Amino acid sequence: MTSQVVASGPDDALLALRAAAPGRVCVVPQPSSGGSAAVRALREVEFLVLEHQRTDLLPVLGELPALRLVQTLIAGAEWLEPYLPDRVRLSRPAGARDNAVAEWVAAALLGLAGGLLPAVREQHRREWRRAESAELAGARVVLIGAGSIGRCARDKLAGLGAAVTVVARTGRPEVYPVTALADLVTDADAVVLLVPATAETTGLAGAGLLARMPDGAVLVNAARGTVVDTAALTAEVLSGRLLAVLDVTDPEPLPPEHPLWTAAGCFLSPHIAGATRQGRARAIEAAARRLARYARGER
């Protein structure tokens with residue numbers, strides 16, 4: 001058994017991980033599949049950088065005797081937490097993808113207000129239809145989520161002239177408590193979801209809240225699909241009363257026959273809000289820094 005810390009990560013992170021603490025870490029590549037082969041390949045790994053796409057490795061985490069810390073490359077960890085043994089700590093790349101998600105939110109609202117998103121859909125039908133659009137400046141946006149991503153999105157939208165009201169679980173200066181949400185959405189042009197997937201946030205945007213949003217308002221979800229009652233949102237969108245721009249859905253992806261795929265008032269992207277090259281690079285850098293601290297004994 002080597003005295004070095006044994007770490008493992010995806011192929012594009014290996015160089016950064018090896019440079020994190022020369023002489024104190026031994027970095028091994030991850031196996032291409034899970035199961036018993038993964039257990040053998042990762043048996044001595046203490047520090048594991050795990051991508052959320054590697055669901056095949058989740059069932060074997062409890063079988064890795066040396067494992068002590070799992071570092072993710074995204075902020076959300078609801079996909080991972082049920083598989084973590086008590087002895088294994090979880091670390092996330094705080095802030096790495098804030099700008100990417102905030103830019104996606106701004107793009108969603110700009111594309112809808114300015115008419116670009118509807119125009120692209122009409123292009124596919126070879127339709128040339130000019131219609132009056134709007135500006136994001138002056139729009140009333142209720143942003144739910146006051147973490148680092150929420151704060152970054154707030155600043156970007158405010159910089160574009162939107163009037164942003166921030167809501168979080170508990171109130172504080174310039175942040176309203178979630179208990180005020182039902183009243184705040186009644187005159188919102190847009191409601192933006194940027195909260196983690198928890199028991200408290202499941203179904204947060206349910207039928208009751210959606211019904212309180214004014215006609216023509218848009219729901220933007222860059223959080224998790226479970227935060228929205230999909231059936232209730234589908235009914236509102238199909239009625240023509242609300243619009244939706246969704247980067248996440250429940251289930252994800254939606255079944256091929258689901259009406260939101262083709263609903264005129266719904267625009268979907270495949271969970272890409274934080275998936276920028278720059279965001280991934282920052283996440284890998286965060287993993288390397290965390291490995292360096294771990295190798296120094298900061299467990």
Side-chain angles (χ1 to χ4, degrees), residues 1-98 100-101 196-198 224-226 248 251-253 270-299:
M1 189 80 160
T2 178
S3 60
Q4 295 177 314
V5 171
V6 180
S8 182
D11 288 349
D12 62 339
L14 297 181
L15 286 177
L17 295 176
R18 286 170 179 149
R24 294 197 296 271
V25 298
C26 172
V27 181
V28 299
Q30 289 180 353
S32 58
S33 60
S36 58
V39 174
R40 289 192 298 272
L42 301 174
R43 185 170 183 80
E44 296 186 355
V45 168
E46 291 181 51
F47 186 105
L48 180 67
V49 180
L50 189 61
E51 297 188 88
H52 65 284
Q53 297 97 329
R54 291 302 308 268
T55 56
D56 59 320
L57 294 181
L58 295 177
V60 308
L61 295 181
E63 301 179 51
L64 304 180
L67 188 63
R68 294 296 179 269
L69 189 145
V70 173
Q71 170 77 43
T72 67
L73 295 177
I74 61 173
E78 75 284 349
W79 53 278
L80 167 62
E81 288 170 331
Y83 296 90
L84 281 182
D86 292 341
R87 60 182 163 78
V88 178
R89 297 186 61 187
L90 170 65
S91 181
R92 315 179 204 209
R97 300 182 187 266
D98 292 0
V101 177
T198 67
R224 288 293 186 268
T226 54
V248 290
E252 187 174 306
H271 205 149
I272 57 171
T276 63
R277 293 186 300 275
Q278 296 91 334
R280 183 174 179 84
R282 288 190 293 268
I284 289 173
E285 290 167 4
R289 291 193 299 271
R290 184 66 184 91
L291 175 58
R293 295 196 300 273
Y294 184 93
R296 291 196 300 267
E298 300 175 26
R299 305 298 165 93

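Please read these numbers as outputs of a predicted model, since none were measured by experiment.
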Taking Ser8 for its side chain and Leu48 for its backbone only, find out whether a donor-acceptor pair lies under 3.5 Å.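 Not at all, since once roles are kept as given, no pair shorter than 3.5 Å links the two residues.
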Would you check if the side chain of Arg224 reaches a backbone N or O of Ala197 as a donor-acceptor pair within less than 3.5 Å?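 Between the backbone of Ala197 and the side chain of Arg224 there is no qualifying donor-acceptor contact (under 3.5 Å).
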Within a reach of under 6.0 Å around CG of Leu15, are more than 12 heavy atoms found that belong to other residues, nucleotides or ligands?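 No, the 6.0 Å shell around CG holds no more than 12 heavy atoms from other groups.
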Is any side-chain heavy atom of [X] closer than 4.5 Å to a side-chain heavy atom of [Y]?
X: Arg54; Y: Gln30; value: yes
X: Pro65; Y: Arg43; value: yes
X: Ser91; Y: Thr72; value: no
X: Val49; Y: Pro10; value: yes
X: Glu46; Y: Val6; value: no
X: Val27; Y: Phe47; value: no
X: Arg89; Y: Arg68; value: no
X: Leu42; Y: Leu67; value: no

Find the distance between [atom1] ([X]) and [atom2] ([Y]) and round it off to the nearest 0.5 Å.
X: Gln53; Y: Ile74; atom1: CD; atom2: CD1; result: 7.5 Å
X: Leu69; Y: Leu50; atom1: CG; atom2: CG; result: 11.5 Å
X: Arg282; Y: Arg97; atom1: CZ; atom2: CZ; result: 8.5 Å
X: Ile284; Y: Glu51; atom1: CD1; atom2: CD; result: 7.5 Å
X: Arg24; Y: Leu291; atom1: CZ; atom2: CG; result: 9.5 Å

Shortest non-hydrogen contact from [X] toward [Y]:
X: Ala292; Y: Ala20; result: CB-O, 3.5 Å
X: Leu73; Y: Pro93; result: C-CG, 3.5 Å
X: Ala295; Y: Ala21; result: CB-CB, 4.0 Å
X: Leu14; Y: Gly9; result: CD2-O, 3.5 Å
X: Val25; Y: Leu17; result: CG2-O, 3.8 Å
X: Leu84; Y: Val70; result: CD2-CG2, 3.8 Å

Is it the case that Arg299 places NZ or CZ above or below the six-membered ring of Tyr294, under 6.0 angstrom from the centre and within 45 degrees of the axis? yes
Take Trp79 and Leu58 through the side chain to side chain contact (heavy atoms under 4.5 Å, CB included) test and state the conclusion after the steps. CA-CA 9 Å; Trp79 53 278; Leu58 295 177; 3.9 Å; yes
Excluding sequence neighbours, so at least two apart, what forms side-chain hydrogen bond (donor to acceptor under 3.5 Å, both in side chains) with Asp12?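 Arg280.
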Salt-bridge test for Arg289 and Glu298: reply yes if a basic N is under 4.0 Å from a carboxylate O, no otherwise.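 No, Arg289 and Glu298 are not salt-bridged.
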